[in-house]
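Quick caveat: nothing in here was measured; it's all calculated off a predicted structure.
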Amino acid sequence: MRKFALILALVAAPFTAFAGAPEITQVRAVKEGMGWRFFVTIAHTDTGWDHYASGWEVVDANGTVLGVREFAHPYMSDEPFTRSLGHIMLPDGTREVFVRAFCSIGNKSAEPTRVEISYYD
């Protein structure tokens, strides 16, 4: 039984490493009442509960976290996928924010995605 577990671990390890950090492929910010709703599309090769895209965050230019969207489970058959988060309050005069995705093993997207905020759409 131990041999089987060791073989299974060795076979699964490359797939876990292959998944890497999640990639943000698209972001859309929409004004809703007093706040904003962000629609974020993420690509990640989820391997199951051991390694999956587990959420994203919106931060301002100073690094202040303005909103966090966490995922409760892997999306192995539904990638890339888009999820939204509303009621994000941006400081007055904000012209840009950054979105960074993260995964269940702590990897974050390499570069945050810059999002221009347009008050005139």
Side-chain angles (χ1 to χ4, degrees):
M1 186 65 169
R2 284 186 183 169
K3 266 188 177 177
F4 178 73
L6 178 60
I7 291 169
L8 185 60
L10 290 173
V11 169
F15 294 106
T16 301
F18 176 73
E23 177 188 350
I24 296 172
T25 61
Q26 185 176 19
V27 179
R28 186 167 56 100
V30 177
K31 183 83 167 110
E32 280 187 340
M34 298 289 292
W36 291 80
R37 176 169 296 277
F38 284 77
F39 298 85
V40 178
T41 302
I42 294 177
H44 184 262
T45 309
D46 288 0
T47 60
W49 288 99
D50 59 326
H51 189 186
Y52 65 97
S54 57
W56 49 265
E57 63 188 3
V58 177
V59 298
D60 67 12
N62 298 321
T64 303
V65 177
L66 304 172
V68 177
R69 174 68 152 93
E70 294 183 350
F71 309 140
H73 56 83
Y75 290 95
M76 294 183 326
S77 62
D78 186 25
E79 290 196 27
F81 59 92
T82 303
R83 298 297 179 268
S84 72
L85 178 66
H87 306 290
I88 296 179
M89 303 304 289
L90 303 181
D92 288 343
T94 299
R95 295 288 181 216
E96 68 180 9
V97 295
F98 301 87
V99 179
R100 180 169 282 186
F102 48 89
C103 71
S104 60
I105 63 169
N107 290 341
K108 288 193 174 183
S109 49
E111 291 292 321
T113 299
R114 182 179 174 276
V115 180
E116 285 188 42
I117 301 300
S118 175
Y119 294 89
Y120 307 107
D121 282 347

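In this structure, the side chain of Asp60 does not engage the main chain of Leu90 through any donor-acceptor pair within 3.5 Å. Of the possible polar contacts, none joining the Lys108 side chain to the Glu111 backbone as a donor-acceptor pair under 3.5 Å is found. Checking side-chain atoms of Ser104 against main-chain N and O of Ser54 turns up no donor-acceptor pair under 3.5 Å.
By the 4.5 Å heavy-atom criterion applied to side chains, Leu66 and Pro91 are counted as neighbours. Arg69 is not listed as a side-chain neighbour of Phe38, based on a closest heavy-atom distance of 4.5 Å or more. Between Trp56 and Thr41 the shortest side-chain heavy-atom distance does not fall below 4.5 Å.
Evaluated for a side-chain contact (heavy atoms from CB on, under 4.5 Å) with Trp36, the options Val97, Val30, Ile117 yield exactly one hit, Ile117.
The cluster map of Ile, Leu, Val, Met, Phe, Trp and Tyr, joined by side-chain heavy atoms under 4.5 Å apart, puts Phe102 and Val65 in the same cluster. Under a hydrophobic-cluster definition in which Ile, Leu, Val, Met, Phe, Trp and Tyr are linked whenever side-chain heavy atoms come within less than 4.5 Å, directly or via other members, Val59 and Leu85 are assigned to different clusters.
For Phe71 and His73, the ring centers are positioned 6.0 Å apart or more.
More than 12 heavy atoms of other residues, nucleotides or ligands shown are found within 6.0 angstrom of CD on Glu32.
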Legend entry - Derivation and outcome, side-chain contact (heavy atoms from CB on, under 4.5 Å), residues Phe98 and Ile24: CA-CA 11 Å; Phe98 301 87; Ile24 296 172; over 6 Å; no

